[in-house]
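So that the names make sense, note that chain A is the first sequence line, chain B the second, and so on, each numbered from 1. Side-chain atoms are counted along with the backbone in the values below, which use heavy atoms only and exclude waters and symmetry mates.
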There are 2 protein chains.
Amino acid sequence: MSKDVVKSVGRVFSVLELFKTHQKPLTATEVCNYLDYPKSSADALLKSLVILGYLTLDINTTKYFSSLRVTKLGDWLPELFGASSYALQMVDHIHKALGETVTLSMPNDIHMQFITVITGTFPISLSFQQGTKLPLFTTGIGIAQLATRTDEQIAKALKRGNRRAASAQDRVNLDELMVDIESTRAKGYCEAFNRLVPDTGAIAMALPGPSSESQLVVAVGGPIDRIKKTEDKIIQEMRQAIRSYRSS
Amino acid sequence: MSKDVVKSVGRVFSVLELFKTHQKPLTATEVCNYLDYPKSSADALLKSLVILGYLTLDINTTKYFSSLRVTKLGDWLPELFGASSYALQMVDHIHKALGETVTLSMPNDIHMQFITVITGTFPISLSFQQGTKLPLFTTGIGIAQLATRTDEQIAKALKRGNRRAASAQDRVNLDELMVDIESTRAKGYCEAFNRLVPDTGAIAMALPGPSSESQLVVAVGGPIDRIKKTEDKIIQEMRQAIRSYRSS
DNA sequence: AATAATAATTCATCTATATGAATTTGTAAA
DNA sequence: TTTACAAATTCATATAGATGAATTATTATT
C-alpha cells in the first residue's frame, strides 16, 4: 500500500474488496487472517463499518458481510458516465468477437485507471489487475482520452503533469504529444505499439460521454504482431460495438 | 458521528455520500466546506482516495468525483440478496399503489437498517432517513425478519441481544417475542401498532431470499388509523407485488 | 458441571493522524 | 509584468489510532 495513503482509509477498502472477492459472510478472525491485521485493530474497524451501516453483522453466525448500502454508494454513477450496463456488455461483446484483452478505463489525475479488464482467451495475452493505473500522457488509452479535450486543456494538463514529474526525463514534450493527439483525432482511435510494455500493442477509442474530462476509454491489446495483423478487424469491431452502444 | 467509529473511517463514507448527494465534481475546498473538515485533513483524505482509485481528480478542473470503482464495490451484492433491480421496482410499485411510506430493510447486528425509504405522498406521512436503524426485537420489521429464522436461532439471538441491553428494562422477554413470531408466521406478515413511534402503524413482510439471516423486509407504514383502515388492501398489494417479484 | 479451546475485550504504550497557523504556489485580473 | 487573492503545502504539536500481551467471555465437548 502506498505510503501516502492514510492507513485506516486503505483498510476500509481492503475489507470491502475482500467481501467482493469471497462473496460470503466472514468472521472477524477470517478477515484478520486474510488481510493480516492485528486482532483488535480489525475489530475496531469492523465495528465502525457495522455502526455506519456499510457492513452487517449477523447476530446468529457472528459473521460480517457487505451491506446493500455499499451498493447504493455507487449505483448512481454509471448513468452519469453514460456507462449503463450496456457498456459492460459492449466490452464483453468485443472480447468475444476478438478473443483479445479488452479494457475499460477512466482518467484519474495523471493516470488512466482500469475499471474493467477482460483478459484475452489466447494462451499469450495481455494481463492487468483491475484498479491498475497507467500514465495519462504516454499510453494509447491516455492519448485517446486526452484527444477528447481541447488543445488548451491538453496543454494545461501537461504543464501540471510535467511539474510533478520526478525528473526531466519523465517530462513529456507538448509538440510530440500533439502529433499523437492530432493523429488520434483524425483516425478516431489511438494505436500504440511498444509504448509501455515491450512487444505489445493496443487500439484505444474514447466512448461518447457527457463531458470530456470523464469520458471512458475502451481498448483492445495484445502481442504487437497479432494486434497489427488484425488491426482492421479490431477497429471495425470496436466501431460497430460503440455505435450500437451509443444508441442504447 | 458515533464516538465508537474510527474518525477517518467515518470520513471516507461522508465523502462518498457527499458525491452521491451532489452528483457532480467538487473541489477540495467545496468538500471541506460541506463536511466542515480542516483543510489539510480533508486534503490527505481526498489524496488517499484518489491514490486508491475510488475518487478521481480531473487534472484540468482540479475537481474530485467518485470513480466507477465505487460502483464495483457493491454491484455484485443485490444478486446475492435476491434483490435484483426488480426489488426497487416492487417497492416503488407498492408506494404508487398505496401512497404510504414504503421501506426496504435488512438485519444488522441487533438492528434493522433501512436500505430504501420512499416517503408517503400524503401530507401526514411516516418519514425516516436512509441508513436509519430500528431495533431488531421490538419492531414490526424486526419481528418479520426474525420470523424467518428457527426458534433456536431466535432464542440465541435474543440471549445475545439481552446481554448487551443497557438496562433490565431494555431486555425483551422471549415468551412474549415468540407470541409475535408465531402470529407473524401464521399470517405471513407482522402488523405493528404503536410499537416504536406513537400513533403509527406498519405492516411488514419478509422477502424470499437465499438464507434467513439475510432476508430483506418490506414494510408499509403511516398513521395508525389510516393503516388500520386500509390494512386488507395493504396486505393484498404487498402479497401481489412480492408474488410478482418472486417470479422475476 | 467442568474443562479446554477459541473469540472478544481491555489497556499501556508506541505510532499515525489531525489540526491550525504560517508559508509557498498558482491563478486571474489589471 | 505585477499584484491580489485563493488554493495548496508544510510543520510543530496535540489527539487519535494501532498494537500486542494479558485478561475475560463464550462456546463446544466430555
Side-chain angles (χ1 to χ4, degrees), chain A residues 1-15 25-52 55 57-65 109-110 150 152-153 155-166, chain B residues 1-15 25-52 55 57-64 109-110 150 152-166:
Chain A
M1 191 173 294
S2 175
K3 275 177 254 135
D4 300 324
V5 170
V6 174
K7 196 180 228 182
S8 49
V9 171
R11 285 181 168 173
V12 166
F13 294 104
S14 295
V15 167
L26 298 171
T27 63
T29 305
E30 287 170 321
V31 172
C32 273
N33 291 342
Y34 282 119
L35 297 179
D36 197 28
Y37 292 169
K39 190 61 181 69
S40 46
S41 306
D43 255 27
L45 173 62
L46 292 173
K47 275 182 172 40
S48 296
L49 294 170
V50 166
I51 291 169
L52 292 170
L55 281 193
L57 174 61
D58 181 67
I59 194 160
N60 281 121
T61 62
T62 62
K63 289 189 175 188
Y64 295 86
F65 196 56
D109 200 6
I110 52 171
T150 66
E152 188 183 351
Q153 286 177 318
K156 188 179 167 185
L158 183 60
K159 192 177 172 188
R160 272 196 175 130
N162 278 338
R163 190 186 298 143
R164 297 206 344 236
Chain B
M1 193 172 295
S2 175
K3 275 178 252 133
D4 300 324
V5 171
V6 174
K7 194 181 229 182
S8 47
V9 172
R11 284 181 167 173
V12 166
F13 293 104
S14 296
V15 168
L26 299 169
T27 63
T29 305
E30 287 169 322
V31 172
C32 272
N33 291 342
Y34 281 119
L35 298 179
D36 197 29
Y37 292 170
K39 187 67 181 64
S40 46
S41 307
D43 254 25
L45 173 62
L46 292 171
K47 277 182 169 44
S48 295
L49 294 170
V50 167
I51 291 169
L52 292 169
L55 283 193
L57 173 61
D58 180 68
I59 194 160
N60 281 121
T61 61
T62 62
K63 290 189 173 186
Y64 294 85
D109 199 8
I110 53 172
T150 66
E152 189 182 350
Q153 286 177 320
I154 294 171
K156 186 178 169 187
L158 183 60
K159 194 177 173 188
R160 272 195 175 128
N162 278 339
R163 190 185 300 142
R164 292 193 3 223

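For the atom pair A/T150 OG1 and B/N60 CG, the distance stands at 7.0 Å (nearest 0.5 Å). For the atom pair OG1 (B/T27) and CG (B/D58), the distance works out to 12.5 Å, reported to the nearest 0.5 Å.
Atom NZ in A/K63 sits roughly 12 Å away from atom P in C/dA8 (whole-Å rounding). Distance CG (B/L45) to P (D/dG17): 13 Å, rounded to an integer number of Å.
Closest approach to the B/R163 side chain among C/dT9, D/dA8, D/dT27 is made by D/dT27 (side chain taken as heavy atoms from C-beta onward). Relative to the side chain of B/S40, the nucleotides D/dT26, C/dG26, C/dG20 differ in distance, and C/dG20 lies closest. Of the candidate nucleotides D/dA18, D/dT9, C/dA18, C/dA18 has the atom nearest to the side chain of A/V6.
Residue A/R11 places none of its side-chain N or O atoms closer than 4.0 Å to OP1 or OP2 of D/dG17. Dashed line: the shortest gap from a side-chain N or O of B/K47 to OP1 or OP2 of D/dT9 is under 4.0 Å. For the pair A/K39 and D/dG20, the criterion of a side-chain N or O lying under 4.0 Å from OP1 or OP2 is not met. Under 4.0 angstrom from either OP1 or OP2 of D/dT26 there lies no side-chain N or O belonging to B/R160. Contact annotation: B/K7 side-chain N/O to C/dT19 OP1/OP2 distance is under 4.0 Å.
In terms of position on DNA chain C, the residue among B/A44 and A/D43 whose nearest nucleotide sits closer to the 5' end is A/D43. In this structure, B/A28 and B/K159 both approach DNA chain D, and ranking their closest nucleotides by distance from the 5' end singles out B/A28. Comparing A/T29 and B/A42 by the nucleotide of DNA chain C that holds the closest heavy atom to each, the one mapping nearer the 5' end is A/T29.
Within the 4.0 angstrom heavy-atom criterion, only backbone atoms of the sugar-phosphate kind lie near B/S8; the bases stay farther away.
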Report task. With side-chain contact (heavy atoms from CB on, under 4.5 Å) as the test, would you mind laying out the steps for A/I59 and B/I110 before giving the verdict? Result -> CA-CA 7 Å; A/I59 194 160; B/I110 53 172; 3.1 Å; yes
